[in-house]
Visitor: 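Okay, here's the structure, questions in a sec.
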Amino acid sequence: MSYDGVEGSINMVGEATKNLNGTEGNVHLTSMETWNFQTENYDLVVSRLAQHYLAELKDIFQEVHGSLANNGNFIFSVQHPVLTSALKSAVASSSKADWIVHDHFNSGERIEPWKGLLNIIELLKNIINF
């Protein structure tokens, strides 16, 4: 079994390369947006908590779909929108005693104040329709 990893952080590539030493695994320093997906190459593609950083999620899904071998699978997870639906609550309080989720059903850009990272929130109903 072989493994191709795609990672945008040089530090994470270094750590992953150490972990894969002695295996048939490779980690490539690139982004999902610029990765050269090989047609019908992978039995399994996994993306864990990374899709919510992408502005063009549909494009990546299409690329992944084309890279899957016959009967291949794509397993992914995204950050639950409840985590960024209450940014005002997060800024106002470090306590999670109450958590207003006023933006839960809104798609779009959200910046996490504690990390300064831009998240692109896409509702599950929209992802399913890609």
Side-chain angles (χ1 to χ4, degrees):
M1 178 175 11
S2 65
Y3 169 88
D4 279 321
V6 175
E7 174 56 54
S9 162
I10 194 164
N11 293 334
M12 292 299 288
V13 168
E15 289 301 313
T17 300
K18 284 188 233 175
N19 288 332
L20 291 169
N21 188 29
T23 72
E24 292 185 41
N26 296 297
V27 180
H28 307 275
L29 180 60
T30 188
S31 69
M32 288 180 277
E33 298 95 334
T34 59
W35 173 248
N36 183 18
F37 289 89
Q38 298 175 11
T39 305
E40 299 180 4
N41 187 57
Y42 299 106
D43 295 318
L44 177 65
V45 173
V46 177
S47 177
R48 183 176 172 268
L49 296 173
Q51 302 295 324
H52 55 272
Y53 296 113
L54 303 175
E56 299 300 328
L57 192 57
K58 185 176 182 177
D59 294 344
I60 295 297
F61 277 35
Q62 288 173 338
E63 290 285 346
V64 169
H65 182 264
S67 74
L68 293 173
N70 190 27
N71 295 316
N73 292 293
F74 178 33
I75 300 172
F76 68 96
S77 63
V78 294
Q79 184 177 45
H80 194 286
V82 75
L83 297 175
T84 59
S85 66
L87 296 178
K88 292 177 187 172
S89 295
V91 172
S93 171
S94 63
S95 170
K96 305 295 188 283
D98 60 349
W99 202 249
I100 300 166
V101 290
H102 52 272
D103 289 329
H104 184 271
F105 293 106
N106 296 335
S107 294
E109 295 182 357
R110 298 181 190 161
I111 296 178
E112 295 180 37
W114 53 90
K115 294 182 190 172
L117 296 175
L118 175 66
N119 289 330
I120 311 295
I121 301 303
E122 192 62 65
L123 301 179
L124 183 59
K125 68 181 181 105
N126 297 338
I127 292 172
I128 290 171
N129 289 322
F130 287 159

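These figures come from a predicted structure and were not determined experimentally.
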Visitor: Could you grab the distance from atom CZ of F76 to atom CG of L57, nearest 0.5 Å is fine?
Guide: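 F76 CZ to L57 CG: 7.0 Å, rounded to 0.5 Å.
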Visitor: How far does OG of S77 sit from CG of L49, to the nearest 0.5 angstrom?
Guide: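 CG of L49 is found 4.0 Å from OG of S77.
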Visitor: Could you work out, with side chain to side chain contact (heavy atoms under 4.5 Å, CB included) as the rule, every residue matching N26, not counting sequence neighbours?
Guide: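 Only D4, H28 meet the side chain to side chain contact (heavy atoms under 4.5 Å, CB included) criterion with N26.
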Visitor: Can you tell me how far the CD atom of E56 sits from the CD atom of Q62, to the nearest 0.5 Å?
Guide: 10.0 Å
Visitor: Can you name the residues that form a side chain to side chain donor-acceptor pair (under 3.5 Å) with S47, not counting sequence neighbours?
Guide: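 So S47 forms a side chain to side chain donor-acceptor pair (under 3.5 Å) with Q51.
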Visitor: Under the ring-ring contact (aromatic ring centres under 6.0 Å, His included) criterion, do Y42 and F37 qualify, and how do the steps go?
Guide: CA-CA 9 Å; Y42 299 106; F37 289 89; 7.7 Å; no
Visitor: Cluster partners of L20, using ILVMFWY side-chain heavy atoms under 4.5 angstrom, listed by chain and number?
Guide: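 Members besides L20, by chain and number: Y3, I10, V13, V27, L29.
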Visitor: How would you list all residue pairs meeting salt bridge (Lys or Arg N to Asp or Glu O under 4.0 Å) that involve residues 10-24, not counting sequence neighbours?
Guide: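 Qualifying pairs, neighbours excluded: E15-K18.
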Visitor: For H65, what residues pass the ring-ring contact (aromatic ring centres under 6.0 Å, His included) criterion, not counting sequence neighbours?
Guide: none
Visitor: Nearest 0.5 angstrom please: M32 CE to D59 CG, how far?
Guide: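 It comes to 12.5 Å.
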Visitor: My understanding is that only residues two or more places apart in sequence, or in another chain, count here; which of them pass side chain to side chain donor-acceptor pair (under 3.5 Å) with T34?
Guide: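 T34 satisfies side chain to side chain donor-acceptor pair (under 3.5 Å) with T30, S31 once adjacent residues are dropped.
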Visitor: Keeping to residues at least two apart or across chains, list the salt bridge (Lys or Arg N to Asp or Glu O under 4.0 Å) pairs with something in residues 37-53.
Guide: none
Visitor: Please write out which residues are connected to L44 in a hydrophobic cluster, directly or through intermediates, given that two of Ile, Leu, Val, Met, Phe, Trp, Tyr count as joined at side-chain heavy-atom separations below 4.5 angstrom.
Guide: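 Other cluster members: V46, I75.
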